Amino acid sequence: AQSVAQPEDQVNVAEGNPLTVKCTYSVSGNPYLFWYVQYPNRGLQFLLKYITGDNLVKGSYGFEAEFNKSQTSFHLKKPSALVSDSALYFCAVTPLDSNYQLIWGAGTKLIIKP
Amino acid sequence: DGGITQSPKYLFRKEGQNVTLSCEQNLNHDAMYWYRQDPGQGLRLIYYSQIVNDFQKGDIAEGYSVSREKKESFPLTVTSAQKNPTAFYLCASSILGATNEKLFFGSGTQLSVL
């Protein structure tokens, strides 16, 4: 079965330190990959996506993600965390043979401590 | 401001009752989606629509119904057949519904059972 895994339910980082939120996937072929962020009691906001090309993708709010085909991973990163980055982060994948069906990870709660 | 408006923000359903969640967008997007979010789980697709008067079932369509009579509107009805309706419901849209497009989300409706 095709799936997306976010192995950490929660990630704690001190403000100013680099952060990584992990995502691995198991889908057929070369997928499109996405990261979204959700603030409390709100809808999701798009951060970035990988379609093709450079493995390092830059997105909103200083976030970036690195696509690693051999490890089937798409980890979200930021060089210096802000307290305002605290939120729920979702990785999502679309297999190329699908029709409009994103496969979502369960989400990772990111807590940035001052 | 362009965006997606969901209403109400909170909704309570009595047993045996049908309830309707509203979703309106002024982004001129062709595609619209309904997702269900449960704590600790990824989003699950209920229904989606790429064009007026046409819609497709997602992974968990049982107990739900939709209509798409206007491009701007995609209401979701939670019927009495849905035995576990308590969840956060998210409406989303995208420009054409292509698999490499980002989604724009509304702020969600929290549905609870009385």
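Letters A, B, ... mirror the listed sequences (proteins, then strands); counts begin at 1. Hydrogens, waters and symmetry mates play no part in the numbers below; they use all other heavy atoms, side chains included. What you see is a predicted model, and the numbers here were worked out from it, not measured in a lab.
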query: Given a strict heavy-atom distance threshold of 4.5 Å, which part of Y39(A) is in contact with chain B: side chain, backbone, both, or neither?
result: neither
query: Distance under 6.0 Å and angle within 45° of the ring axis: does K49(A) meet both against F34(A)?
result: no
message: Hydrophobic clustering (ILVMFWY, side-chain heavy atoms < 4.5 Å, transitive) - are Y89(A) and Y25(A) grouped together?
response: yes
field: Full working for salt bridge (charged side-chain N to carboxylate O under 4.0 Å, His left out) between K77(A) and E66(A)
entry: CA-CA 8 Å; K77(A) 300 180 180 184; E66(A) 185 170 13; 3.3 Å; yes
query: With a 4.5 angstrom heavy-atom cut-off, which part of L48(A) approaches chain B: side chain, backbone, both or neither?
result: neither
- line: Applying a strict 4.5 Å limit to non-hydrogen atoms, the region of Q37(B) in contact with chain A is side chain
- line: Smallest heavy-atom separation, Q56(B) atom then Y47(B) atom, equals O-CD2, 3.2 Å
task: Would you check, one step at a time, whether the test ring pair (Phe, Tyr, Trp, His ring centres under 6.0 Å) holds for F46(A) with W35(A)?
output: CA-CA 6 Å; F46(A) 170 81; W35(A) 276 101; over 10 Å; no
Shortest non-hydrogen contact between V4(A) and C23(A), atoms and distance: CG1-SG, 3.7 Å
- request: Check whether I51(A) gets within reach of chain B through its side chain, its backbone, both or neither, counting any heavy atom under 4.5 Å.
  value: side chain
task: Heavy atoms only, distances under 4.5 angstrom: which of A31(B), P39(B), S107(B) has the most pairs with chain A? Name it, please.
output: S107(B)
message: Between L90(B) and chain A, with a heavy-atom cut-off of 4.5 Å, which part of the residue counts as in contact: side chain, backbone, both or neither?
response: side chain
query: By a 4.5 Å heavy-atom criterion (distance strictly below it), what part of Q38(A) contacts chain B: side chain, backbone, both, or neither?
result: side chain
Region of F104(B) that comes under 4.5 Å of a non-hydrogen atom in chain A: neither
